[in-house]
There are 2 protein chains.
Amino acid sequence: MDVREETLRQATRLFAAKGFDGTSLKDIADVVGVRKPSLLYHFSSKDELRRSVIDALLERWNAVLPRLLMAAASGEDRFASLMRETVRFFTQDPDRARLLLREILDRPDDLAARLETHVQPWVTVIADYIRKGQEAGEVHADLDPEAYILQVVNLVVSGIAIGASLDRGMLPPSAVDEPADRHARELIRIARISLFTPEALARIAGGSETPKATSHDGAEASRTSP
Amino acid sequence: MDVREETLRQATRLFAAKGFDGTSLKDIADVVGVRKPSLLYHFSSKDELRRSVIDALLERWNAVLPRLLMAAASGEDRFASLMRETVRFFTQDPDRARLLLREILDRPDDLAARLETHVQPWVTVIADYIRKGQEAGEVHADLDPEAYILQVVNLVVSGIAIGASLDRGMLPPSAVDEPADRHARELIRIARISLFTPEALARIAGGSETPKATSHDGAEASRTSP
DNA sequence: CCTACCGATCGGTAGG
DNA sequence: CCTACCGATCGGTAGG
């Protein structure tokens, strides 16, 4: 049991659940199973532990995203796979979404600076694909590519972060059965239909009966370029 | 200068900016201009102050929402006015959005219970309007009404809460000029196009040149009922 | 609404 | 990785 690794794991959990200020070093030490000063041997301060937790999260994201864009370059539908994998990345471990959301509330400048390095290049790449799709008439002409990406990322991250919590408060009880799937499905529907033109959508599947029958399902926005 | 009122105002600001655990009673007392024990005369504990802050927020929301739904029942476009006013409610004071987001991260059950009383009835009303729109073929048949409303509310609240913070991190510098308007516009476009069918949208304005020339701009989803 | 004060807990250090 | 300990700050109370 690597103490450093276990500390990162538990700190992630606790920071996501109760926030940085709501979590004491003792809280973390207790669940890791060591004394508080031992944490400060591995991480020179509470703040360095916080930075390490965020770093670990962004590194995992950075290890996943490029692979996604590459894989999607092949026959598969780029939009669908990108959305599916992004949603999966955060549903797999909702702490990731909660942590990101808390961090941007608590230290907007810090996180913005980090994202600048890690995700801005990918936004540019995807925005260019979208513009190609607009020229081809497959993406809504009045769509604002960068703003669209921002809103969809926001939708996915905060949708998963607050997740089922809002269900209980907003939805009538009858609607709160298998909420995770419902919301993920509606989320993808919104992102998809607000991206592609009706013509492009019709061309893809002729409705929704055979969405996987064509090899280029929904890929029109991006197939024109590497 | 009412100390109680000013305390509520400053506590709202500080809780929204730094979180409940990140704000001390002394922080609040300092900006209000009194000593710490004086706050505890008006609010018997820090937690009661928190509840009062949230109450004030939900009361304002509850004072605005019904008026909106009524006003929209007249000649005006219900969807457009509902979206516009909801966006305005939160952009007017982004602390509202930040506070709600923090609260649902920190105390999901508490806030869910509060929302159950305050907003669940409205969700049911709006969802029924949407279903009427679906029967009339004006709203996408595969749309999930409750899930759609949840996602749109989520989009508005968290979009405004994190606001311009994410711009700097995700968008190339050239795109960060007048971001607030851009994002609000794209947000509304996404919500609108993922609600109405292409046929309904075409019937409304024939494109986007004369969106205000007709008296029932985008109202198809809801005009069939009180 | 104030001064004075409380025990508890905070992040962090010394020294081994 | 531990014990022992530090000053600072926390929410809250007593008493006026």
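In what follows, chains are A, B, ... by sequence order, proteins preceding strands, each numbered from 1.
- Judged by distance alone with a 3.5 Å cut-off, a donor-acceptor contact links the side chain of B:K36 to the base of D:dG12.
- When each of A:F20 and B:G33 is assigned the nucleotide of DNA chain C bearing its nearest heavy atom, the one mapping closer to the 5' terminus is B:G33.
- Both distances falling under 3.5 Å, in either a Watson-Crick or a G-U wobble arrangement, place D:dA8 opposite C:dT9.
- Between B:K26 atom NZ and C:dT9 atom P there is a gap of 22 Å when expressed in whole angstrom units.
- If you take CZ of A:F43 and C1' of C:dG11, they are 16 Å apart, rounded to a whole angstrom.
- B:D47 has its CG atom 15 Å from the C1' atom of D:dC10, to the nearest Å.
- With distances taken from any side-chain atom of A:L25 to the nucleotides C:dG12, C:dC1, D:dG11, the minimum falls on C:dG12.
- Distance, B:D21 CG to C:dA8 P: 20 Å, rounded to whole Å.
- Of the charged side-chain nitrogens involved, none lies within less than 4.0 Å of a carboxylate oxygen, so that A:K18 and B:D21 do not count as a salt-bridged pair.
- Nearer to the 5' terminus of DNA chain C, by closest-nucleotide assignment, is the contact made by B:V3 (compared with the other of B:V3 and A:S44).
- The closest side-chain heavy-atom distance from B:R102 to B:L111 is not below 4.5 Å.
- Residue B:L40 contributes atom CG, which lies 13 Å from atom C1' of C:dC2 at whole-angstrom precision.
- Of the candidates C:dC2, D:dT3, C:dG12, C:dC2 carries the atom nearest the B:R35 side chain, counting heavy atoms from C-beta on.
- A salt bridge links B:R88 to B:E85: at least one charged side-chain nitrogen sits closer than 4.0 Å to a carboxylate oxygen.
- Pair assignment for C:dG16: D:dC1, on the basis of Watson-Crick or G-U wobble contacts that are both within less than 3.5 Å.
- Distance, A:I28 CD1 to C:dC10 C1': 13 Å, rounded to whole Å.
- Rounding to whole angstrom units, NE2 of residue A:H42 and C1' of D:dC2 are separated by 12 Å.
- A:Y41 does not carry A:R4 over the face of its six-membered ring by the limits of under 6.0 Å from the centre and within 45° of the normal.
- Whole-Å rounding puts the A:L39 CG to C:dG11 P distance at 10 Å.
- Distances shown here put a side-chain N or O of B:S24 below 4.0 Å from the OP1 or OP2 atom of D:dC10.
- Residue A:S38 places at least one side-chain N or O closer than 4.0 Å to OP1 or OP2 of D:dC2.
- Minimum atom distance to the side chain of A:P37 is reached by D:dA4, of the listed D:dG11, C:dG11, D:dA4.
- The shortest side-chain heavy-atom distance between A:F15 and A:I28 falls under the 4.5 Å cut-off.
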